[in-house]
Number of protein chains: 2
Amino acid sequence: MTMARANAGTKGVARADREGQILDIACRAFGTAGYASTSVADIAEAAGISKPLIYNYFGSKEGLHALCVEHAAAVLWAEFERSSASGTVGLARAVVTLDGMFRALAPQPWMWRLVFDPTAPPEGASREALAAYEARLFTLGEDGVSELMRLAGNTDQDDTSAMHAVWESAFRALVGWWLDHPEVSPEQMSQRCVRMFSTAFGDLDALALSARPGDGLPELAPHQPAPAPPH
Amino acid sequence: MTMARANAGTKGVARADREGQILDIACRAFGTAGYASTSVADIAEAAGISKPLIYNYFGSKEGLHALCVEHAAAVLWAEFERSSASGTVGLARAVVTLDGMFRALAPQPWMWRLVFDPTAPPEGASREALAAYEARLFTLGEDGVSELMRLAGNTDQDDTSAMHAVWESAFRALVGWWLDHPEVSPEQMSQRCVRMFSTAFGDLDALALSARPGDGLPELAPHQPAPAPPH
DNA sequence: CTGTGGTAACTTACCCGTGAGTCATATCAA
DNA sequence: TTGATATGACTCACGGGTAAGTTACCACAG
């Protein structure tokens, strides 16, 4: 489509264009079928080119995968950072983070599995590319969780660590549930999250839920007044 | 060790004994390294026998894996059933279920990964062996969650479905955290869970936490009086 | 008590499909 | 001619699965 300035001695598509095109296809393939069950030949066929071209440009399957992961992580983590800088705290920040993730993922849902792929090689370039991002995310989450735990009167180190694990797991479960229900819009899903948090922890408004209007977060609308919260 | 009725023309170890031995080794191997990264040759070597013997006795890698999964699922699900029949309800039942799982897993922690192995074949004998168990577990969990949701005033179908996903995910996260901390005893971990639930949802005694004494569940001992619960 | 046949247990050496990675070569713009 | 894009045809390692043979033990005939 775009010719993008073919260099001297160039036949066919310019390298930069081709690389971008391959990368895009590879992201979808790895993110849809997983690393292990995606062969380089598959990607080449999907991209309408031959296998050696991929090796010419990316060196190895893992090299290509590393770039895909890098790309996906950059997109998703930018969203995490944005949420963490939104000025909200506590459960409100959790909701904001989820909402941002739904919106970021809506046009390219495969990015999720690309980053959290259990069949990805346990060590190597792509893993190391993720490590830095994960460390950053870990501190973000740990901070938020430990803050909430402190407010609730529990300062135990290991309790906080375990609670953090639960939070990350719950986060993934919510995103996973949403990915399994493609007919649900990000807005609807965010509202569902608000309702669920409200159901689990009682009225959120009482807990410093101060999402600023115009932030993209839909108005908080609990499903029901919840006449009998669990606590 | 046991000679187990040697039939005519029998050399070496009797088939039943050998099968049990191989199965045991295979459970550990699959449960430790995962299905995908465990080769039949690995298992044969670990068992001190040759590869064809495994094929003689189990037919295929997947046949062997199916038996391992069946065994592990039977053990773990028996524990689930036991918990569900313990007469507790709500969050107390959650704690009882977790406690039972910690105790069941303590002597053979690899059983966990055997059942929840993301690298296991997505279809085939082992998957079908799990399907029935999973269906049963699903209804157990869904019932408990929907009961709690109803108490909290939320009867939305999809909210319940998503909350169930979160609960299962949280359950796995807690077990996973424990497996990552081998120095923590099941008793300690159960107490940690009680503390965490208490921290998240407020004092549990107020919520029909009626674990019967002598049930094996340690006495409930919240970390701190939690002077300022989240709600 | 001996040898001889039958069978279960077990192994060595192989087949073969799959998929990562490579090499020599072809095409075409400048 | 040169150099960048591009490919058909290949090598190779790995792992699931198999064919054919070997060993040890028991039963029983002589």
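Quantities reported herein were computed from a predicted structural model and do not represent experimental measurements. Within every chain, numbering begins at 1; the chains are lettered A, B, ... in the order of the sequence lines, protein sequences first and strands thereafter. Just so you know, these numbers use all the heavy atoms, side chains as well, and skip hydrogens, waters and symmetry mates.
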Legend entry - Candidates dA13(C), dA9(C), dT5(D) - which lies nearest the side chain of P52(B): dA13(C)
Inset, instruction - Could you list the residues that satisfy salt bridge (charged side-chain N to carboxylate O under 4.0 Å, His left out) with R28(B), not counting sequence neighbours? - result: D24(B)
Inset, instruction - Quickly work out the I54(B) CD1 to dT12(C) C1' distance and round it to whole Å. - result: 16 Å
Legend entry - side chain to side chain contact (heavy atoms under 4.5 Å, CB included), paired with S146(B), selected from T160(B), N154(B), D159(B): T160(B)
Inset, instruction - List the steps, then state whether salt bridge (charged side-chain N to carboxylate O under 4.0 Å, His left out) holds for R136(A) with E81(A). - result: CA-CA 9 Å; R136(A) 173 75 184 131; E81(A) 300 285 352; 2.9 Å; yes
Inset, instruction - Output, in order, the C-alpha distance, side-chain angles, deciding distance and verdict of salt bridge (charged side-chain N to carboxylate O under 4.0 Å, His left out) for E79(A) and R103(A). - result: CA-CA 9 Å; E79(A) 187 50 48; R103(A) 291 169 188 277; over 6 Å; no
Legend entry - Between C1' of dT5(D) and CD1 of I22(A), the distance in whole Å: 11 Å
Inset, instruction - From the options dA6(D), dA9(C), dC10(C), select the nucleotide whose nearest atom is closest to the side chain of N56(B). - result: dC10(C)
Inset, instruction - Please state how far atom CZ in F30(B) lies from atom C1' in dG16(D), giving the value in whole angstrom units. - result: 12 Å
Inset, instruction - Check whether any side-chain nitrogen or oxygen of R18(B) sits under 4.0 Å from OP1 or OP2 of dA8(C), and answer yes or no. - result: no
Legend entry - Interatomic distance, K11(B) NZ vs dC25(D) C1' [rounded to whole Å]: 10 Å
Legend entry - Under 3.5 Å side-chain donor-acceptor pair for E62(B) and Y35(B): no
Legend entry - Whole-Å gap separating P (dT5(D)) and CD (Q21(A)): 13 Å
Could you list, one pair per line, each protein nitrogen or oxygen that sits under 3.5 Å from a nitrogen or oxygen of nucleotides 14-20 of chain C, together with the distance?
from, atom 1, to, atom 2, distance (Å)
dA20(C), OP1, K61(A), NZ, 3.0
dA20(C), OP2, V40(A), N, 3.0
dA20(C), N7, K51(A), NZ, 3.4

Inset, instruction - Using atom CD1 of I43(A) as one end and atom C1' of dA6(D) as the other, report the distance to the nearest whole Å. - result: 18 Å
Legend entry - Nearest-angstrom distance from the residue atom OH of Y57(A) to C1' of dA6(D): 8 Å
Legend entry - Length of the CG-C1' vector between L64(B) and dG16(D), whole Å: 13 Å
Legend entry - Modelled atom types, side-chain donor and acceptor of S169(A) and S169(B), under 3.5 Å: yes
Legend entry - Short side-chain donor-acceptor distance under 3.5 Å, D158(B) and S161(B): no
Legend entry - First encountered from the 5' end of DNA chain D, between S50(A) and G59(B): S50(A)
